[in-house]
Amino acid sequence: MKRVLLTGATGGVGTRLRSLLKPVYPDLVLSDLKPPADLAPGETFIAADLADADAIEAACAGVEGIVHLGGFSVEGPWETILSANIIGCHNLFEAARKQGVKRIVFASSNHVMGFYPRSHKIGVEAIPRPDTRYGLSKLFGEGLGALYAHKHGIGTLSIRIGNFGDRPIDERRLAIWLQPDDLVQLIRIGLEKPDLVYEVVYGMSDNKRTWWDNAAALRLGYRPQGRSEDFAAAALEAQKSLPPDPVGDFFQGGSPFCSQEFDNDFEVLKKLL
């Protein structure tokens with residue numbers, strides 16, 4: 001694959017991925033609302049608001065594959081989530097269809113499944129339990145991927161990203177950590193694996209304390225290299241300084257995603273799950 005579009009290129013994950021993907025895909029096109037401050041010679045940047053269908057279609061011109069990180073990356077008001085993550089995501093997939101894009105890697109989120117207790121180990125076949133409007137929007141994106149894969153032939157990999165970073169920094173992240181190089185490996189599977197139609201995987205490294213069964217990723221050839229347990233002592237020590245959150249600490253989605261705006265009867269809910 002020669003020409004690949006990276007949306008959300010100036011965000012935290014996108015910024016880190018630029019340097020990691022460039023050696024693999026030399027014709028890497030970057031897109032976001034504003035150009036990165038450190039745009040290097042030879043890098044192509046196309047400004048595009050995901051809510052602007054014409055602008056995002058222009059960004060997709062001549063592209064073979066897309067890594068879609070763009071959108072609003074945390075919880076927010078419904079109007080914000082709707083515009084960036086739902087309308088914007090639809091615009092992206094529709095632009096890809098019109099421009100003949102062959103593959104899309106969609107950055108989904110662990111917050112699609114956030115209301116599962118940490119005592120449960122779940123695979124990708126588990127019924128979604130989004131913990132926020134943000135998580136709900138990522139579930140919509142997964143559904144779009146399935147629609148465009150089966151109806152329009154765009155091979156799609158949805159990656160439910162845990163916590164992306166150089167190391168896990170607390171107890172929850174020991175379960176959901178995703179090393180940058182491991183994310184690149186998953187992206188390459190999504191863009192390059194022959195005969196891929198539509199798949200959902202968890203974006204996590206080799207995490208001993210995980211709550212997720214990532215058999216789907218392993219079946220596709222994923223072999224994570226990062227080991228969260230190597231950082232366990234420091235992460236558990238850091239955990240001691242965090243304030244307790246009974247709701248957030250019970251559910252996989254954590255704090256504040258599960259506990260913010262929560263007004264259910266927690267004790268009753270726990271017994272029913």
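For reference, positions follow the sequence shown, starting with 1.
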Just wondering, do [Y] and [X] contact through their side chains at under 4.5 Å, heavy atoms?
| X | Y | result |
| --- | --- | --- |
| Val200 | Ser108 | no |
| Pro130 | Lys138 | no |
| Ile86 | Trp78 | yes |
| Phe72 | Leu50 | no |
| Ile66 | Cys60 | yes |
| Phe164 | Leu183 | yes |
| Leu92 | Leu144 | no |
| Leu39 | Leu30 | yes |

Quick check: closest heavy atoms across [X] and [Y], and the distance to 0.1 Å?
| X | Y | result |
| --- | --- | --- |
| Ala48 | Ala55 | CB-O, 3.8 Å |
| Gly248 | Cys258 | CA-CB, 4.5 Å |
| Val201 | Val124 | CA-CG1, 4.1 Å |
| Leu273 | Pro117 | CB-CG, 4.0 Å |
| Ile189 | Leu196 | O-CD1, 4.0 Å |
| Ala107 | Leu69 | CB-CD2, 3.5 Å |

Given Glu199, which of Arg219, Arg160, Arg103, Lys193 fulfils the salt bridge (charged side-chain N to carboxylate O under 4.0 Å, His left out) condition?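 Looking at Arg219, Arg160, Arg103, Lys193, the match for Glu199 under the salt bridge (charged side-chain N to carboxylate O under 4.0 Å, His left out) is Arg219.
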Charged N to carboxylate O below 4.0 Å: is that the case for [X] and [Y]?
| X | Y | result |
| --- | --- | --- |
| Glu261 | Arg133 | yes |
| Arg172 | Asp245 | no |
| Arg16 | Asp166 | yes |

Can you name the ring-ring contact (aromatic ring centres under 6.0 Å, His included) partners of Tyr134, sequence neighbours left out?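 Listed in chain order: nothing, the list is empty.
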In terms of ring plane angle, is the pair Phe93 and Tyr148 parallel, tilted or perpendicular, where the classes change at 30° and 60°?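 Judged by the thresholds at 30° and 60°, the geometry between Phe93 and Tyr148 is tilted.
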Are Trp212 and Asn110 close enough, and set up right, to give a side chain to side chain contact (heavy atoms under 4.5 Å, CB included), and what steps lead you there? CA-CA 10 Å; Trp212 306 328; Asn110 69 95; 3.4 Å; yes
Side-chain donor-acceptor pair under 3.5 Å between Glu142 and Ser158, yes or no?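 Glu142 vs Ser158: no donor-acceptor pair found between side chains.
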Can you tell me how far [atom2] of [Y] sits from [atom1] of [X], rounded to the nearest 0.5 angstrom?
| X | Y | atom1 | atom2 | answer |
| --- | --- | --- | --- | --- |
| Ile176 | Met204 | CD1 | CE | 11.0 Å |
| Arg167 | Ser205 | CZ | OG | 13.5 Å |
| Met113 | Phe251 | CE | CZ | 13.5 Å |
| Leu191 | Lys102 | CG | NZ | 12.0 Å |
| Asp265 | Lys270 | CG | NZ | 10.0 Å |
| Leu174 | Arg209 | CG | CZ | 5.5 Å |

Is there a donor-acceptor contact under 3.5 Å from the side chain of [X] to the main chain of [Y]?
| X | Y | result |
| --- | --- | --- |
| Thr156 | Ile154 | yes |
| Asp52 | Asp54 | yes |
| Gln252 | Arg118 | no |
| Asn85 | Ser137 | no |
| Ser241 | Ala238 | yes |
| Glu57 | Gln99 | no |
| Asp182 | Gly226 | yes |
| Glu75 | Thr132 | no |

Side chain to side chain contact (heavy atoms under 4.5 Å, CB included) between Tyr202 and Leu178, intermediate numbers included: CA-CA 9 Å; Tyr202 287 103; Leu178 177 59; over 6 Å; no
Do the side chains of [X] and [Y] join up, straight or via other hydrophobic residues, at under 4.5 Å, putting them in one cluster?
| X | Y | value |
| --- | --- | --- |
| Tyr25 | Ile104 | no |
| Phe140 | Tyr198 | no |
| Trp177 | Leu218 | no |
| Leu6 | Val105 | yes |
| Leu147 | Val112 | no |

Given Phe266, Trp211, Tyr116, the one that forms ring pair (Phe, Tyr, Trp, His ring centres under 6.0 Å) with Phe250: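 Per the ring pair (Phe, Tyr, Trp, His ring centres under 6.0 Å) rule, the option paired with Phe250 is Phe266, out of Phe266, Trp211, Tyr116.
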Go through Gln179 and Gln225 one step at a time and tell me if the side chain to side chain contact (heavy atoms under 4.5 Å, CB included) criterion holds. CA-CA 8 Å; Gln179 182 190 71; Gln225 300 302 303; 4.2 Å; yes
Listed partners of Lys151 passing salt bridge (charged side-chain N to carboxylate O under 4.0 Å, His left out), at least two apart: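 None.
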Side chain to side chain contact (heavy atoms under 4.5 Å, CB included) for Glu192 and Val24? Distances and angles first, verdict last. CA-CA 11 Å; Glu192 300 173 22; Val24 184; 4.1 Å; yes
